[in-house]
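Since the structure comes first, as structure tokens, the remarks are kept for the end.
In what follows, every heavy atom counts, from backbone to side chain, and hydrogens, waters and symmetry copies are set aside.
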Amino acid sequence: IFIVVPLFVVVYYAFTNADGAFTMENIYQLKDYIPTFLLSLWYGLLSTVICLIIAYPFAYFLTQFSDNSQRIMMLLVMLPMWMNLLIRTYSWMLILERNGILNKVLDIFGLASENGFLNSGSAVVLGMVYNYLPYMILPIYTIMAKLDSSVVSAAQDLGCNRLQVLRRVIFRLSLPGVVSGITMVFVPSVSTFYISQKL
């Protein structure tokens, strides 16, 4: 009910006008927004790739620590998620604006931006990476934490070096977590409007 009914409502409004009569005008108007769709896809893809590049090694090295250290590190990863998305994004606005912390620090070295870093694609991608990185780390870490260490030992006994073990064994076994993480980051990144609007 909560998945199918809203989809039918969206389809209904897509093919009707204000009077409720059937129309294709809404669909024809989509062509005016193609640049916006493409930009959203580009920012979503870029954010997802950056999250994966950061999250995969982080999750891998996290599994090498003791259980207590892993719990503490995962708590630190989840800590920002306890705050509302709006507050986290608004905090980045204060950091990236012309009189923000980042610009003041860079001003010491003569590298400050005249207009700050807001209202740029880089700020939008930074905001999305910051907000959605835990969604990439969690599924990858969950899969890696459950990997059987005897499989890694067997690969090493059969002549694989550390890089081959990572590429041929660990990466392949962790693919479900990678796919899940990509989905959990890409979908909200493409459809977010608040981060894009504010940053």
Side-chain angles (χ1 to χ4, degrees), residues 6-7 9-10 13-14 25-62 70 72-142 144 177-199:
L7 288 176
V9 172
V10 169
Y13 281 116
E25 187 60 32
N26 298 330
I27 305 302
Y28 295 146
Q29 288 179 3
L30 288 177
K31 69 181 184 305
D32 299 335
Y33 298 97
I34 287 176
T36 305
F37 292 146
L38 293 176
L39 191 61
S40 295
L41 286 171
W42 168 243
Y43 284 165
L45 183 64
L46 191 59
S47 301
T48 304
V49 168
I50 293 171
C51 283
L52 181 60
I53 290 170
I54 295 170
Y56 197 87
F58 180 84
Y60 174 73
F61 287 116
L62 188 59
Q70 287 183 36
I72 292 169
M73 293 294 285
M74 286 311 297
L75 179 65
L76 293 175
V77 168
M78 294 302 297
L79 202 56
M81 305 296 289
W82 295 356
M83 247 189 312
N84 189 294
L85 172 78
L86 308 180
I87 296 171
R88 291 190 311 242
T89 304
Y90 199 80
S91 299
W92 274 110
M93 286 175 60
L94 299 175
I95 292 169
L96 297 175
E97 69 182 2
R98 188 164 56 91
N99 296 322
I101 298 166
L102 181 61
N103 226 19
K104 286 183 179 177
V105 171
L106 291 176
D107 193 33
I108 297 169
F109 304 102
L111 300 171
S113 172
E114 188 176 320
N115 299 317
F117 298 95
L118 278 180
N119 303 317
S120 67
S122 302
V124 173
V125 171
L126 176 67
M128 288 196 282
V129 168
Y130 173 75
N131 281 301
Y132 299 128
L133 183 60
Y135 295 112
M136 184 69 79
I137 292 173
L138 285 173
I140 295 174
Y141 166 74
T142 302
M144 283 189 175
V178 171
V179 171
S180 179
I182 288 172
T183 305
M184 291 173 70
V185 171
F186 182 72
V187 172
S189 294
V190 168
S191 60
T192 187
F193 67 91
Y194 185 78
I195 296 173
S196 308
Q197 181 191 38
K198 294 299 180 186
L199 300 182

| task | Could you please spell out the steps behind the side chain to side chain contact (heavy atoms under 4.5 Å, CB included) verdict for L106 and F117? | result | CA-CA 11 Å; L106 291 176; F117 298 95; 3.5 Å; yes

| note | Interatomic distance, CD1@I95 vs CE@M93, rounded to 0.5 Å, equals 11.5 Å

| message | Could you report the tightest heavy-atom contact between P139 and P134, atom names first, then the distance? | response | CD-O, 4.5 Å

| query | How far does CZ of F193 sit from NZ of K198, to the nearest 0.5 angstrom? | reply | 10.0 Å

| query | CG of L46 to CG of L41: how many Å apart, nearest 0.5 Å? | reply | 12.5 Å

| task | Please say whether more than 12 non-hydrogen atoms of neighbouring residues, nucleotides or ligands are located less than 6.0 Å from CZ in F37. | result | yes

| query | Rounded to the nearest 0.5 Å, how far does CG of L118 lie from CG of L96? | reply | 5.5 Å

| message | I need the minimum non-hydrogen distance between Y43 and G121, along with the two atoms involved. | response | OH-CA, 3.0 Å

| query | What residues, two or more places apart in sequence or in another chain, satisfy ring-ring contact (aromatic ring centres under 6.0 Å, His included) together with Y56? | reply | F171

| said: Just so I know, are the side chains of N131 and M81 near enough to count as touching, which here means a heavy-atom distance under 4.5 Å? | reply: no

| request: List the steps, then state whether side chain to side chain contact (heavy atoms under 4.5 Å, CB included) holds for M74 with L62. | output: CA-CA 9 Å; M74 286 311 297; L62 188 59; 3.3 Å; yes

| field | Partner of F58 by side-chain contact (heavy atoms from CB on, under 4.5 Å), out of L133, I53, I140, V77 | value | V77

| Residues in ring-ring contact (aromatic ring centres under 6.0 Å, His included) with Y130, at least two apart? | W92

Give the table of side-chain donor-acceptor pairs shorter than 3.5 Å for residues 184-191, with sequence neighbours excluded, one pair per line with atom names and distance.
residue : atom : partner : partner atom : Å
S189    : OG   : V185    : O            : 2.7
S191    : OG   : V187    : O            : 2.9

| Do K104 side-chain atoms and I101 backbone N/O form a donor-acceptor pair below 3.5 Å? | no

| Straight-line distance of I50 CD1 to L45 CG, nearest 0.5 Å | 10.0 Å

| task | Dump the intermediate steps for side chain to side chain contact (heavy atoms under 4.5 Å, CB included) on E97 and N103, then the final yes or no. | result | CA-CA 7 Å; E97 69 182 2; N103 226 19; over 6 Å; no

| Inter-residue atom distance Y194.OH - L199.CG, 0.5 Å rounding | 8.5 Å

| query | Can you find a heavy atom in the side chain of M136 that is under 4.5 Å from one in the side chain of T48? | reply | yes

| What do you reckon, is OH of Y90 surrounded by more than 12 foreign heavy atoms closer than 6.0 Å? | no

| Where V124 and I195 come nearest, the two heavy atoms and their spacing | O-CG2, 3.8 Å

| request: Could you check if a side-chain atom of L138 sits within less than 4.5 angstrom of a side-chain atom of M78, using non-hydrogen atoms only? | output: yes

| request: Applying side chain to side chain contact (heavy atoms under 4.5 Å, CB included), run through V178 and L52 and close with a yes or a no. | output: CA-CA 8 Å; V178 171; L52 181 60; 3.9 Å; yes

